[in-house]
Each structure stands twice: as structure tokens, then as C-alpha cells.
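Note sheet for the following structure.
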Amino acid sequence: MGKNENLSYFLNEAKNIKTDNFEKKIRIAILGSSTINGYEETIRVKCHQKKIACRTYNSNYNQYNQEILKKDSKFYEFKPDITFLILDVRHVLGEIFFTPYSLSELEKKEFVKNKVREITNLIKTIINHSKSHVIFSDLQIPTYSPYGINEQKQEFGLKQIVKNINEKIKLEIKNEDLVSILDFNEFIQKYGEENIFNYKQYFSGDMKISIEFIPKFIDELMKFVNAITGSTKKCIVLDLDNTLWGGVIGEDGFDKIKLGDDPIGRSFVEFQKRLLALNQRGIILAINSKNNFDDAIKVINEHPNMILRRENFSSIKINWNDKVSNLREISKELNIGIDSLVFFDDDQINREFVKNQLSDILVVDLPTDSSIYPKILTELNVFELIKITDEDLKRRDMYSQQQERNEFKNEVGDFNEFLKKMDIEIKIKKADNFSISRISQLTLKTNQFNLTTKRYKENEIELFSKDENKIVECAEVKDKFGDNGITGAYIVEKKENEWIIDTFLLSCRIIGRGIEDSMLSEIIEKARKQNVKIIKGKFIPTQKNKPAKNFYENFGFSLEEDFWVFNTDNTINKPEHIKVIKNE
Amino acid sequence: MGKNENLSYFLNEAKNIKTDNFEKKIRIAILGSSTINGYEETIRVKCHQKKIACRTYNSNYNQYNQEILKKDSKFYEFKPDITFLILDVRHVLGEIFFTPYSLSELEKKEFVKNKVREITNLIKTIINHSKSHVIFSDLQIPTYSPYGINEQKQEFGLKQIVKNINEKIKLEIKNEDLVSILDFNEFIQKYGEENIFNYKQYFSGDMKISIEFIPKFIDELMKFVNAITGSTKKCIVLDLDNTLWGGVIGEDGFDKIKLGDDPIGRSFVEFQKRLLALNQRGIILAINSKNNFDDAIKVINEHPNMILRRENFSSIKINWNDKVSNLREISKELNIGIDSLVFFDDDQINREFVKNQLSDILVVDLPTDSSIYPKILTELNVFELIKITDEDLKRRDMYSQQQERNEFKNEVGDFNEFLKKMDIEIKIKKADNFSISRISQLTLKTNQFNLTTKRYKENEIELFSKDENKIVECAEVKDKFGDNGITGAYIVEKKENEWIIDTFLLSCRIIGRGIEDSMLSEIIEKARKQNVKIIKGKFIPTQKNKPAKNFYENFGFSLEEDFWVFNTDNTINKPEHIKVIKNE
Amino acid sequence: MNEKLYQIISKVFNVESSKINDETSPENLEEWDSFNFYVLLDELENEFNIKFDLDETLEIKKVEDFKEILKKHGIDV
Amino acid sequence: MNEKLYQIISKVFNVESSKINDETSPENLEEWDSFNFYVLLDELENEFNIKFDLDETLEIKKVEDFKEILKKHGIDV
């Protein structure tokens, strides 16, 4: 992936990028108070590596103020999707950076207030004049105070001034969905100012991040790009032996594998704890291991130092099948694309085999040293979400319920019988503040049951929801096994005599239970009530949305030119086993 | 100085330290929640290098709780002067470190409250059961949150939990003079967690600071040791050409020296800004340069990019004398010891000459690259004070006034005439909350006019001031040129029939104006009023207190065995030119 | 060793190494701009594990000057 | 090279290098304790610019094992 390449690699690669024909496209503006040469080239290359077509815009040196405040600036003309605002603490503080004594307590407070106002004003101006996300890189807390060790006991020392500015900006933008904060201090903490700040480059060209560390800094920016373009991974598939614990269960046995208690064992426990943290945040875990099922599951169920237990895994493949078949099955079972999976396996041959067969999967190159596993996981940066929705937090439970559903299905045998016994209930809701970010997330991430695959950012959904000529609604799905959360959505454009379905999608894990039919019925009934005769919708084929291909046809729509059309006088094929609650 | 030596150097050197006979002595306890092997050896060696005799105590692995809470523990038995309490964030947070989600907002707040209570309780217990300073190393803000980029938008994310604990502890101990906080996050920011935290060593032996970085961490501890033992430097003496500006004024001329405007010039401006910051905090600046006075002073007075101006320098030696003579004169003129000076000169030959002739001075080894000067200055760590008093902040002004006084003296000619015209006024004050820390600082730092050179920490002075059998008073000195602040102090032990002067000292810069006589007269008059006949005092000679040697004798005391004795029936030799105001 | 220097320069400036000689300078090579000059300095420092002084770097006007400065740091090119 | 290893060991453990041989272990050298063993590992990593795996380090019981592990990392001692 070229992650460890140095800046000249990126500068040269950037010249070699041909016009990208990737599905995902993004326009990125970088505004900075210092020299930001090299940033845009690096981000374009890193986007290219992730199959994101990226256009960039760079502000002129320290011209960010004018660019933001003048509404006809080149910056607004560029129409960015994401704007990174990178201000340097020396620049913001001016002389105060060196001589905080020159101000009284009161003046310091006034100073903080003014700076917060200036910066939030810039951020809000961007939001008001564009549709761009704004990522503000917060101010670096100085690593040196002329107060020395006394800094910590000052009422309002130099560091406190900066901390206050950061905290207050954070509060100001808290409710702005389009604004996020890049934790610049985390970046400094990780690599150290000693390395990141190069005095020579600073005096030579006002570079605040050394040339050596620009690619690492761009990785921090890429977290946001990944999240906003919906390139986030959903599921971590794990091998067991020497991946979740030290040693081989089939050879060493239950009592001899290394898990806790010794240095090697402690490293695996730490790795599991970090996996658990991701799992609790909504990243699905699965197992793909060549082992006797009984041996391995016993460790998972019974080993006293095991952190991850059976309920943490949404799919468990412990068998003697090859790893690729298992991965395909996991993808199918969880109803998520192969490109949403991350695969951890200590065995290099397995890894190469998987890479070779499944080019879309992210295979993590694990080192031979298990003590590095936790660090590797932490630095993957592929699980970022611009906003963590309730659905994300509930996902883990939802997948466990899914397992129960599958078992129930096997029990009941007959599929129709099964559906009837599922007690499915759909709540249809208009888009509101609680659901807008989730609906946007669904349009960004849903690939399989998505009729038009139009991607909409949060602010676009918000705009649509206020448009009187549009219907933006989502479906919250429950059944006897639990709550699936908001898993379906549609957007309808209302014209005088016909309605056009702009977007219709369903989270793949609930396809095939009639929920899609209930939702479509809902649209048709609504049109009927308003005396609209014609409902039209397109199916735009992609590599992934075959499951939705015959949806309109099966429902009774007929193809007329580009559109599938339905006359609302016809009978509606509404599923009987589903209870629909309208919540308008 | 062995500053860049690695840990094995310190481990071995520690074995070679013979019983130190240094004047400065310190007992240091280190309590930690993780492995702290190697810390005590390194700190002993670093103290030895600074001529501080150091004894250390190490808590057993993670036994800090018991050691602090049990009043008969080995820790209290050790009677530390300084206790470092070094808790690791993982240890304090426990499972919350990995899975902050498991708690609700309310539970998180409760958690923060409990942790703050636990830790401040530990700190306050140490203060109550010992006379030790406590230095609490604050908790490291995690560089990784399972929330990812969302952490910054969480109401109460993982990092916020830690920040809150740190902030609240800071507030809790704000008014505890014996408690300071070591900014552990600054340490991480400087060198980077990548380097400081070594997973292998962590899993192997619960080491939270990698072996490679233990000596660097001990440097952070040494800041407090220097400050508490009064080893702080007072004055920076600066060369001019290629030290305060680029180029040579005598050759390049006013317009050609590099100061601002180009990379080299910017590095000198930055260096000057950092010097200014120290100067504003009370560190005296002086110039020692071989140059034509007029050429050089013109730059200082008139160069548009000069940051430091004439008023920032308390002593200016621009002449063709050798550097050592100039340094001796500066020391004499400012009345501060050679060992309180730091000397900056780009010329290595000058530096070696000075090191050779004046072994007590700190000569900074400047690199050939001027862009590194600001970093070198920042990392010297020799200007730390445990508490910055008003006198520290005023010192710069006081030294400028001193210059005016000298000029006035030259003007007046006759010394007695000069003294009369000085309008000296002394305010004698009992020690109170405003002056206790200053009085302690004076006992710790005064060497020349100090009759017994007894060193007292703040808590000891506080104790004395509450003792009915002791007089603890200080003298605030003013004259027509300005306020010298609290520059004299004495401690008298009252016995039934005699008073014993335990401590009598005067800041060296005001010696020889009769102030010492006024202060002593004050003690004698007080005794007379209480019908005490005998005043006794010792003169304990040191290498530095010759100026005070004949003080008692000149005043009319007579030597009886170890003591100088005065009968209060005798005439008091009270200076007429000084106005004494009592403020009891 | 001459070659190694040319190689690094050609890599950073993204030009054929045959276009590099001792007289190459910003005047005759448009790929040599003020920013990638710093990138080049950085790569040379890392490659040869040396640190240039700020004032040394300000003296560099053409490829030959790189050779001089590297020689000063004990790197024979 | 053997000498270099012995030299480093002798420096870290603060014993005469003549007291070091392939069979030297915590059993027969009291200066070898669990902490300075880690210090030694750290010095060897820095000296030879290598990184040991955690499990490799757990296998070391005597000086000879250091030789084995260094050989594995391409350092011929």
C-alpha cells in the first residue's frame, strides 16, 4: 500500500495518476496558515490507493482568511466536499506564544474569547457558503512554557490558553453535523514534536510538519476521507491459533495455549481487548480458522483469560475448509460485501492465498511478533465513521439476533411459515434529526439492495427532507428476535402527475423477508391517497446490486423506456405477514 | 554531563557513587504503579552530576497504595524530601481504558469523581504524614480511542475522561504549596508514544516508559529536584555576534547582520523571543561580547528586528577584555555567584577558555547550526522554580533599577552622601501567606550574605511562623529607584533569657547599604522591649559567605565560645539614613 | 558515489538521471523548485545519516554544491 | 564479533568480560537480573539495529542463546 513511502514517492506518484474512473469521488480543499506543500499530492495518491477519485485545492500561503470570507473566492468555486482547516498555534497566538506574561488574566480570557470567535466564524462561514464538510485541526498544545514546571500551577498559563481555545471551539461546533475535529495533539503525542517539528524546515519555509512526517499526517486526514466516502470496513475476520491466542490449540491443548499470564499471552489479551472495543462500537467480528470445532469453541467458551466470547462473533467458521471459501460464506451469511472485510491471519501462506483469490478484501500483514498486533490493529484506520449512529452501537446485537433468526429458520423449515412466525413490524418514519445521518450512511454504504446507488451526504439528505416536493422516509424494522434499527430508506420526487423513486434501498441483512415490498406498497398507497396515478423508478445496475434487479418486475411494474412504471389503480402486492406502523 | 548516555551507563555509574559530601542534600522517593526499575539509579547519578547528594527510595511494584496509607511504612520511615507519584493511565482506568462504552454518561462522571478522590487522598495523605514535596505525574491522555475520529465529538469520550481527571486533580491541589504536577503529556508530546512506549517491554515487565527513554524521563524529574534544592540558574550571559544575531557586526555592518527576514535571521529572532520570555519571568540577561561598544549597542538600540533591547540586559560588557574577566565583573556587578550564570557563546575557544577558568559556570555547548539554538535553550531545564514569586517577576525591573543606582552612585561620588540620598525604606513584616514561599526561597538560594546558611523548605518556614517561640520576619526594601521586594529575612529562637539568631540573610544585591544593620537593630530593639538581655548568633563559614564574616563583630557583638553575643543594654549601632517601618 | 547522488536527485526531482550534472541548478532544471529542494535535503540527510546546518543549505546553488557539502560531512561523492 | 557481544554484556552487567562465556546465565552470574536482561536486549537492538520478536527473547537462557538469536537476524557472532 506504500504506507511507509516518503514524501518524494507521493510527489512523483501524484504526477502519474490518470483521470480516475472510480465510483467514489471526492473534492478536497486544504486551507492552512503555514506552508502546506506536498499535502495535496500525498492525499491524492492515498485516495487513489483506496480507489477514490480525488481532486484537490490548496489555499495560497496563509490566505485562508480571505479565501473563506470572500464568497467568490477560488476556494468556493472549487466546490469542495471536504475542507481541512489547518491552523498553527504560533500563528493563532502570535506574540502570546512567547510571552504570555504580557497579558493580565482578564486580557487572556478576552484573547481566548476572540480567537474562538474568529475561528468558529471561519468554520461556520464555510458551512454557510458551501456544502463542504469542515475538518478543523485543533491547536497544538505547546510542549514548552516559559513558566516551566510552574505552568501547571498557573491560573491561566500558556498551555491552558491553548487548551481553552480547543475546548471552546469543540463546544461551539458540537451540534454542527458537517464539522469534525482532527485531534492534532494526538498526532503529536504519537510521533513526538522532536520528530514532527524540524527547526531547519520551519525557519527555511515555515513548514510546521517536517517533510518526513507529512505522509503520516495525511494518514490522519485520510481517516476523515474514508469515513465521508463510506470506505469504512464493517467486519474483522480472525484466525484463531497464533492470532487470537499464542500457540496451536490442536497441538498444545487447552491448558498450554498462551493467553494471559506470560508476556506472549498478555499481548494476545491486549489484542482481544482492542478488538472488543471495536466490537462494542459496532464492528462485526467473525472467525475463520482451520481447527476441530469442538477444541476451538471450548477455548472461546471456557478459557478463563479469553476476552472475546461466542456472543462477540457474528459468524464462526471453524472447520477444515479453505480460508477463501469460509470468507465467501461469512460475507454471504452476514450479507456484507467482501470489500467490507478485514482479514487477520498469522500465516503468510493463508494471507497470500486470500489476497490472490479475493482482491477486494483487506488482508493485514501481521508481523511475526505478536506483541505488535495491538499496534497494527490500532493503526489500521479503516473503521472510522464520521458519526457513530445508534445503529452502529446496536449492530453487534443485531448480528447476534441474526444468528438466532437463522437457527429459528432451520427449525421452522418452511420459509413462509417462518416469516409468519417472525412477527415482523416496520415503522415508516419521515426523516428527522434523529435519522438523517443514518439515512445518509445507508445511501453511502448500501450496495446490494440499492436500486439507484445514489450517494448522499448528510447535508444533502437534510436539504431533501425540507423540500416539499420530496419524500424522504426510512423504515425501522423489528421482529421477535429484536430490533434491527433503521435498515431501509427511500427518496421520492413528487411531480404533478407522477412520482419518481429517486432512491430505494434496504440493508442487505434483512433482504428477502418482504420488507422491501411493504416499503414499496407504502409509497404506492401514499400516491393513491394524493390521487397520483403513476409511480416510476429506475434500476441502475452496478457490480453489486443484482439482488435488487428483478424487484420492480416481481412487484408488478412494467418497463417503459428507461423507467419501471406502476399504475396506482392496480392491485398492490402487499405482504400480509408484516405489520406496518406509520409515524408521520 | 553524560546527558545522552543510555540507561546502562546510569545503572553502572550509580554503583560508583561514593558517599557524597556535597552541601546540597536531598532524599527522593519514587512511588509507581508500574515497573520503575532504573529510575532511582538514574536520578542519583544525575543529582551527583549536579553536586547534589541524593538518597533514594523505591516503592515495591505497585505497592504505592499501601505505602502511602500505612503510617508506619518504609516509605515514611525514609523521610523523603521529594516524593514522585507516577501512576499509569491504564492502571488508573482499568477496563475503562479499553471499553469506555460499558459506562453510561452518569457512571463515567461518577468514575471520574472517584478516581480524583482516590488520587488526591493519596497526595494529601503524604503531605499530612511527612514533610515531603509531592510531585504527581499526571495521567497520559490515550493516543487512541476506540471511538476513532468521533472521540472529539463525544460528550464524554475516553480522552475526555482522562482530561477531566487531570484537570480536577490540578484544581484540588492548587493551593497545596508542597504539591506540584509533572506534565507527563508534555513528555509524551516531545518524544512521541511510538518511542516512549515499547510494547515488548510493556508485555515483558510492565514497563510503561521504554528503557531507552528512562534517562529522558528522569530529566523531567530533575527539573523539580533542581528547583527544590535551589540549584536554579539566575542569569544568562550572552555573546552577540553569531549568538544573538547572525554574522559579525564589526565586519558585516548594521544592515548586513542576519536578524529576521531570512532563514538564519529568523532563527536568531526566535532565540531572542525565548530569551525574552525567560527574562520576563525573572531570569536576568547580560552581555559579554568582544566588540566596539558603539557598533554593537547601536544594533541593540536601533535594529528593527531586535527583540531584546537595552532594558532587558542588567549588565552589558561590550569591550575587548577577555570573556572570563567580563564574566567575573558581571557576577560582581549583579552580586550573584558565578555558579548562577549560564554562558552562551558560539565560539568554541571562548567556551573552553571559560570552562577552564570558571569551573562553576554552566557553559552551553552551542552547535554550529543556529537553527538549533532555541531548542538548546528550551531544553536546558536549569531555570525551574518550584514557585514563581512576585520577586521573580519583578527581578528584571529590580536589576534595571540597580543599574540606575550604580550610575547615581558614580554621580554622587561620596558613598555616605550617596546612601543618604537613596531614601532607603525598610518594611519589617512577620512571615505570612504572601511571604512564606519567598522567605523559603531566600534561605534556599542566598549564599553570600547568609550567616548560618540553613536551608528551609516552605513547609518548615510555615511551621516556624506558627511557633510562638520563634520570630520569622522579612524585610521589604525600597529606595528612590524602585522596589527591591522582599530581600532580607531572619529567624530568631526565643529562649527564656536569651534569643538565638537561627538565620540571618540578605539578598546579595543590596548588601553594603546598612540594611543588614537596620535589620539586626530591629531584632535587638524587640528583645529589649521584652526585657531579654542576651542576643546570640553563630557565623557558620562556607565557601561563599565571606561577605558576612565580620558582620556581628563590626556591629559590636563579642565572641564567646561558638557564639557571637550582644548585650541589649549596649548602644545599638542603628543606621540613620534608613527609615524602618514596622508592620506587625 | 557520484551516481548515488545523481540517482537521489533524479528520483526526487522526477527527471532522468542523465539530465543531471554538476551544473544542474534551478536555472536550467524547471523541476527543481524551492519545495522539492527541501525534500531533497531531507532525503540526503536520511540516506547518509547526516544533518546539514541551516546556513550550509542556504549556500547550495547547483548540484556541485551538494557534492561539496556532502564532502564536508565525510561523504565522498 | 564474539568479543563485541561479550563486551556489551560485560558493560551492561558491569562485570569483567573475562567472566563472560557461552554458558554464562543468571544461574552463574548474579549481576544478571531480570531487569538488566531487558536493558541488554535494548542495547543489542540498538547496537545491531535489529528488533527481536517477543517470543525470541523469552527463549534466551544463557549467552549462547544470544548468539543464536543474533545469527537468526543476520548478525554473525
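The sequence lines fix the lettering, A, B, ..., with proteins before strands; numbering per chain opens at 1. What you see below is based on every heavy atom in this structure, not just the backbone, and it leaves out hydrogens, waters and symmetry mates.
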Quiz prompt | Under 4.5 Å from any heavy atom of chain A - which part of B/Asp138 | solution = side chain

Quiz item: Considering only heavy atoms, which portion of B/Phe383 lies under 4.5 Å from any heavy atom of chain A: side chain, backbone, both, or neither?
Solution: neither

Donor-acceptor contact present, side-chain [X] to main-chain [Y], <3.5 Å:
{"X": "B/Glu384", "Y": "A/Ile149", "answer": "yes"}
{"X": "A/Gln280", "Y": "B/Thr99", "answer": "no"}
{"X": "A/Asn150", "Y": "B/Leu385", "answer": "yes"}

Self-check item: Closest-packed option against chain B by number of heavy-atom pairs under 4.5 Å, given A/Pro374, A/Ser180, A/Pro100, A/Pro146
Solution: A/Pro146

Self-check item: Top contributor to chain B contacts, counting heavy-atom pairs under 4.5 Å, from A/Tyr144, A/Tyr191, A/Phe203
Solution: A/Phe203

Self-check item: Non-hydrogen atoms of B/Lys190 and A/Thr143 that approach each other most closely
Solution: CG-CB, 3.8 Å

Self-check item: Closest heavy-atom pair and its distance - A/Ile141, B/Gln189
Solution: O-NE2, 3.0 Å

[X] vs [Y] side-chain heavy atoms within contact, under 4.5 Å:
{"X": "B/Phe98", "Y": "A/Leu276", "result": "no"}
{"X": "A/Gln160", "Y": "B/Lys170", "result": "yes"}
{"X": "A/Lys163", "Y": "B/Lys163", "result": "no"}

Pick one of side chain, backbone, both or neither for [X], based on which atoms fall under 4.5 Å of a heavy atom in chain B.
{"X": "A/Glu95", "value": "side chain"}
{"X": "A/Leu171", "value": "neither"}
{"X": "A/Asp206", "value": "neither"}
{"X": "A/Phe224", "value": "both"}

Between [options], which has the largest tally of heavy atom pairs under 4.5 Å with chain A?
{"options": "B/Asp369, B/Asn195, B/Ile135, B/Val179", "answer": "B/Val179"}
{"options": "B/Gln154, B/Glu193, B/Lys223, B/Gln140", "answer": "B/Glu193"}
{"options": "B/Ile264, B/Asp183, B/Leu278", "answer": "B/Asp183"}
{"options": "B/Pro142, B/Ser204, B/Ser145", "answer": "B/Ser204"}

Quiz prompt | Check ion pair A/Arg90-B/Glu270 (N to O, under 4.0 angstrom) | solution = yes

Quiz prompt | Qualifying residue for side-chain contact (heavy atoms from CB on, under 4.5 Å) with A/Glu186, from B/Lys159, B/Gln152, B/Glu151 | solution = B/Lys159

